[in-house]
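Step one of this worksheet: look at the structure below.
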Protein chains: 2
Amino acid sequence: MTDHVLVKDVPQYVEKEITLRGWVYNIRKSGKIWFLIFRDGTNWIQCVIVRNEVSEDVFEMKNTLTQESSIEIRGVVKSAPRQAFGYEILVKDIKIFQIAESYPIALKEHGIEFLLDNRHLWLRSHKPHAILTIRSEVEKACRDFFDERDFVLVDSPMFTPNAAEGTTTLFETDYFGRKAYLTQSGQLYSEAAIMAFHKTYCFGPCFRAEKSKTRRHLTEFWMIEPEMAFYDIFDTMDLAEEFVSYLVQRVLKKCQNQLTFLKRDFNRLEAIVPPFPRITYDEAVEILKKKGFNFTWGEDFGAPHETAISEDFDKPIMIWKWPAEAKAFYMKRDPEDERYVLGVDMIAPEGYGEIIGGSQREEDINKLLARLKKENLPEEVFNWFLDIRRYGSVPHAGFGLGLERTLQWICGVHHIRECIPWPRTMVRLNP
Amino acid sequence: MTDHVLVKDVPQYVEKEITLRGWVYNIRKSGKIWFLIFRDGTNWIQCVIVRNEVSEDVFEMKNTLTQESSIEIRGVVKSAPRQAFGYEILVKDIKIFQIAESYPIALKEHGIEFLLDNRHLWLRSHKPHAILTIRSEVEKACRDFFDERDFVLVDSPMFTPNAAEGTTTLFETDYFGRKAYLTQSGQLYSEAAIMAFHKTYCFGPCFRAEKSKTRRHLTEFWMIEPEMAFYDIFDTMDLAEEFVSYLVQRVLKKCQNQLTFLKRDFNRLEAIVPPFPRITYDEAVEILKKKGFNFTWGEDFGAPHETAISEDFDKPIMIWKWPAEAKAFYMKRDPEDERYVLGVDMIAPEGYGEIIGGSQREEDINKLLARLKKENLPEEVFNWFLDIRRYGSVPHAGFGLGLERTLQWICGVHHIRECIPWPRTMVRLNP
């Protein structure tokens, strides 16, 4: 039964008779004619039912078809320049699969908790459809970008054996009598993989059990993490800005309708081309001080700091050269000043906050060992990871881009939970 | 420092001087000349060091460079028809990043447990490199296939709120004071998603806490699951055979070197083109009886049964029309005989077993409710899922393909643990 045309392909069938299968979105009656807004998941289209073009039964369906009833429509495609889509269907026949019960999501405003409780139905509405269509395109663009640049996809594991950095933000499970933890990042595994494949990426779910209810936290999110042998921090910043620009330009090209529906400012996105501004952590602290923040050198930036630092820039900004104590043990010391590490955060414009964290990695085993000791991290847990520095250590670097945070910015969406099909937060595990 | 050439691209630089960066694979000495087999993760190449072409220091590196030492090589690309790769490097200079400690994986046979304990290093060897290169290509082919056919990627959640079918094979975690379970399949979520997007797929990790130590079980594996509105069981079998053929033909085209290294029989893979044989469950039982199996109608097939049924066929075979009690509650009853459901399993040839499970889904809410009751499944848990049948129910279908099982067959690999970068089994959670 795959002989039907998708609404998105209707423009190829002008003046031809076709069959569509999908759902009733809305009905508008007007005497001897009625209009059915039809959706099939690929787009929405107006269908016109004229009394003397259809049987009596079909014409009377104006009184029986409910919102979200499933139907098959046979009709002729007509050019309709005044319609948003540009085409409409002159209906010849309608067959009913099922008359829907009274649909809980009427064509009006609902509270967000109600909509999230009904996420399995809400997906059919315009806004989730637009955001998740963009998500699908961005995921494809992520893979295309790295596939085109000789990166090999090497999936990192979800189960990890050790809670090296403490269990407070880790989800734990019983694993046949021992404990396993859900991954927060594939980076350490990717560092091993590039010694086998040169440049790799992993792209999958990550988990954080953070007790945080902000508009930027999910317990389950997707992250793409490229890792590159023989890259230094500058190569990495070059790659990161090229990558983010690539994603934004792809969405501008492929998802114009969705961006328009979301009322996103095209000019702001068109400006996202390399080079992005690069400032050091110290320069960022200077900006904060000038803006009146009472900020202690050595601390990480919070959301208000990120917003304040980035608000003078139209593009994402890269903050690099961080105090060592503010960043993870695996980051490479700056050879010019050992108080710093060669880490970089990318902050999206318009207050959307951090979308990328990355660094050149420490390739010197002795510096790594000293760092582990200083931070009271158990050396035996990292023994396999230290092997990477024992057997052919090389300069290398990488970063991770949070998919949903990037989407939040590109789509201009207030809360991150709308940027994943089935959001999981501290307070939400359903449906 | 990204100015180096990748070994795979060396053929573009014949008679030109280039820089390579990577690792020592092996060294062979022969008086006034020595040979260095070099790898950079994209391929292996022979480098020739001639006494009067390099400095004394570089020539003496034959005595200091160890296996897996990291180096930079400058040299001229020479055509070398007698080499497997067809090219070699006449070395001008070598710089050392690091002299590797004595590498645990020597160029000889090791026990499998030793290799798995050292998976982070073993990845650098030929066989894992070949298998995981194919994996990367198959993952890309999976996405390309569905992207080219109007499917939208809709990621399913990893955390699920209910253990509807019992907790025996589920991993459980504390989720802020309540229980959450790791997903075994995204299907139920995809059934909701197709009502919003028409055709969708999800592709991510799945988890099974099965106490099974066979060569075909992982606790963490990747599955791609397409789901299609307005597809019946026959459309689904058409799509499944087209998909599997597409994957195999892509690997044949793109991964010839890897298949050759793995000594895979090309003829066997070239035969994997539609149509695939289709037999009903009853016909499969007949085959088993003729082969002397003592088999009870209504049971599921085990590995020996699958091998016996499939061994007479050169292609994957699709077994469809199953006894309802052997399959899950969501499968659609065969309207011609209600004892059966419209499910289908695809069994790979050569004894590699099931790679696909799928079905047309039951769209009648009353039949679903009856089935839930009969199997003592809690209706309230499935209430959101039943909504799909309340609001515009349509005929639909889908299937799931296990990535690692498919790779096991395509690569001709005995044990599934070699088909994922970081295998997790009942007895293995490291590294």
Side-chain angles (χ1 to χ4, degrees), chain A residues 1-2 4 6 21 23 40-42 68-70 97-98 100-101 103 120-121 123-124 129 132 136 139-140 147 150 152-155 157-159 161 171-173 175-176 180 189 192-193 195-198 204-205 220 230-232 235 384 387 390-394 421-422 424 426 429-431, chain B residues 1-2 4 6 21 23 40-42 68-70 97-98 100-101 103 120-121 123-124 129 132 136 139-140 147 150 152-155 157-159 161 171-173 175-176 180 189 192-193 195-198 204-205 220 230-232 235 384 387 390-394 421-422 424 426 429-431:
Chain A
M1 58 183 306
T2 58
H4 56 289
L6 300 176
R21 295 195 176 106
W23 295 267
D40 74 348
T42 72
E68 288 304 316
S69 289
S70 44
F97 289 108
Q98 192 221 19
E101 295 179 27
Y103 192 61
H120 56 291
L121 301 175
L123 293 177
R124 307 178 186 188
H129 193 277
L132 296 179
S136 172
E139 291 200 60
K140 187 162 155 44
D147 289 344
D150 299 316
V152 178
L153 172 63
V154 181
D155 298 305
M158 299 294 113
F159 286 129
F171 288 104
E172 178 186 309
T173 187
Y175 193 88
F176 305 102
Y189 291 94
M195 308 298 155
F197 292 97
H198 210 95
E220 175 189 320
F230 310 107
Y231 265 54
D232 63 24
D235 302 324
W384 71 271
D387 275 355
R390 292 186 180 105
Y391 306 112
S393 191
V394 300
W422 308 96
R424 300 295 185 241
M426 196 185 151
L429 182 57
N430 290 79
Chain B
M1 60 184 304
T2 57
H4 56 288
L6 300 177
R21 294 194 176 105
W23 296 267
D40 75 346
T42 71
E68 288 305 315
S69 289
S70 43
F97 289 107
Q98 192 222 19
E101 295 180 26
Y103 192 62
H120 55 292
L121 302 174
L123 292 176
R124 307 179 185 187
H129 194 278
L132 296 180
S136 171
E139 291 199 61
K140 188 163 153 43
D147 290 343
D150 300 316
V152 178
L153 172 63
V154 180
D155 298 305
M158 298 295 113
F159 286 129
F171 287 105
E172 179 186 309
T173 187
Y175 193 89
F176 306 102
Y189 291 94
M195 308 299 155
F197 292 96
H198 210 96
E220 175 189 319
F230 309 106
Y231 265 54
D232 63 23
D235 302 324
W384 71 272
D387 275 354
R390 292 187 181 104
Y391 307 111
S393 190
V394 301
W422 308 97
R424 300 294 185 243
M426 194 184 150
L429 183 56
N430 290 78

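Chain naming here is simple, since letters A, B, ... match the order of the sequence lines and numbering starts at 1 in each.
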- Check: B:Trp23 ring centre within less than 6.0 Å of A:Phe230 ring centre: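 Ring centroids of B:Trp23 and A:Phe230 are less than 6.0 Å from each other.
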- The reported gap from OG in A:Ser393 to CD in B:Glu101 (rounded to nearest 0.5 angstrom) is 10.5 Å
- How long is the gap from CD on A:Gln98 to OH on B:Tyr391, to the nearest 0.5 Å? 10.0 Å
Using non-hydrogen atoms only, which part of [X] is less than 4.5 Å away from chain B: side chain, backbone, both, or neither?
{"X": "A:Trp384", "value": "both"}
{"X": "A:Glu139", "value": "side chain"}
{"X": "A:Leu121", "value": "side chain"}
{"X": "A:Pro205", "value": "side chain"}

For chain A, which of [options] has the most heavy-atom pairs under 4.5 Å?
{"options": "B:Tyr175, B:Tyr231, B:Tyr103", "result": "B:Tyr175"}
{"options": "B:Leu429, B:Asn430, B:Leu153, B:Thr173", "result": "B:Leu429"}
{"options": "B:Lys140, B:Met158, B:Glu172", "result": "B:Met158"}
{"options": "B:His4, B:Glu68, B:Met195", "result": "B:Met195"}
{"options": "B:Val394, B:Thr2, B:Leu123", "result": "B:Thr2"}
{"options": "B:Gly204, B:Ser70, B:Gly392", "result": "B:Gly392"}

- Item | For the student: nearest non-hydrogen atoms of B:His120 and A:Asp387, plus distance | NE2-OD2, 2.8 Å
- Message: Any heavy-atom pair between the side chains of A:Asp150 and B:Leu6 that's under 4.5 Å?
- Response: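 The answer is yes, as the side chains (C-beta and beyond) meet within the 4.5 Å cut-off.
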- Message: Quick check: do B:Phe197 and A:Leu132 have side-chain heavy atoms less than 4.5 Å from each other?
- Response: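 Yes, close enough: below the 4.5 Å cut-off.
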Test item: [X] side-chain N/O and [Y] main-chain N/O as donor-acceptor pair under 3.5 Å:
{"X": "A:His198", "Y": "B:Asp40", "result": "yes"}
{"X": "A:His129", "Y": "B:Ala196", "result": "yes"}
{"X": "A:Arg390", "Y": "B:Ala100", "result": "no"}
{"X": "A:Arg424", "Y": "B:Phe159", "result": "yes"}

- Which atoms of B:Asp232 come close to chain A, meaning under 4.5 Å heavy atom to heavy atom: side chain ones, backbone ones, both, or neither?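 B:Asp232 touches chain A through backbone and side-chain heavy atoms alike.
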- Task: Under 4.5 Å heavy-atom distance to chain A, tell me which part of B:Phe176 shows up: side chain, backbone, both or neither.
- Result: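 The answer is the side chain of B:Phe176.
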- With a 4.5 Å cut-off on heavy-atom pairs, point out which of A:Asp235, A:Val152, A:Val154 contacts chain B the most.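 The option with the most such pairs is A:Asp235.
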- Top contributor to chain B interface from A:Ser69, A:Ala180, A:Ala192, A:Ser136 [non-hydrogen pairs under 4.5 Å]: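 Looking at each option in turn, the highest pair count goes to A:Ser136.
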